[in-house]
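The next block holds one structure in the form of structure tokens; read it before the comments.
Numbering of residues begins at 1 and proceeds along the displayed sequence.
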Amino acid sequence: MIEQAKGALMLAYGIDAEQAFGLLRKRSQATNVKLRSLAAQLIAELPSLDLAPPELRREVDHLLHGPSQAEH
């Protein structure tokens, strides 16, 4: 769960894994919420956010699958 939360923060903020963990740790300490619980809450609430606009999804699809048939 913590790794997933780190990954989400890395994507959202353009930071590395160490910085993402630092953000989680600081927020955990500031709110007196266990880091694992904070990570679980973040992951649970992500689906309700619009984190991937269509343009980003198209770019990721292109990276994963290569050029579409229309581009050949």
Indicate the atoms forming the closest heavy-atom contact of [X] with [Y], along with that distance.
X: Ala17; Y: Lys6; value: O-CE, 3.7 Å
X: Leu23; Y: Leu9; value: CB-CD1, 4.4 Å
X: Ala5; Y: Ile43; value: N-CD1, 3.5 Å

To the nearest 0.5 Å, what is the distance between CE on Met10 and CD on Glu3?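 That separation rounds to 9.0 Å.
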Counting N and O atoms only, with roles assigned by atom type, does the side chain of Gln19 sit under 3.5 Å from a partner on the main chain of Asp16, one being a donor and the other an acceptor?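 Side chain of Gln19 to backbone of Asp16: a pair is present.
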Side chain Ser28, main chain Leu24, donor-acceptor under 3.5 Å: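 No, because the side chain of Ser28 does not come within donor-acceptor range (under 3.5 Å) of the backbone of Leu24.
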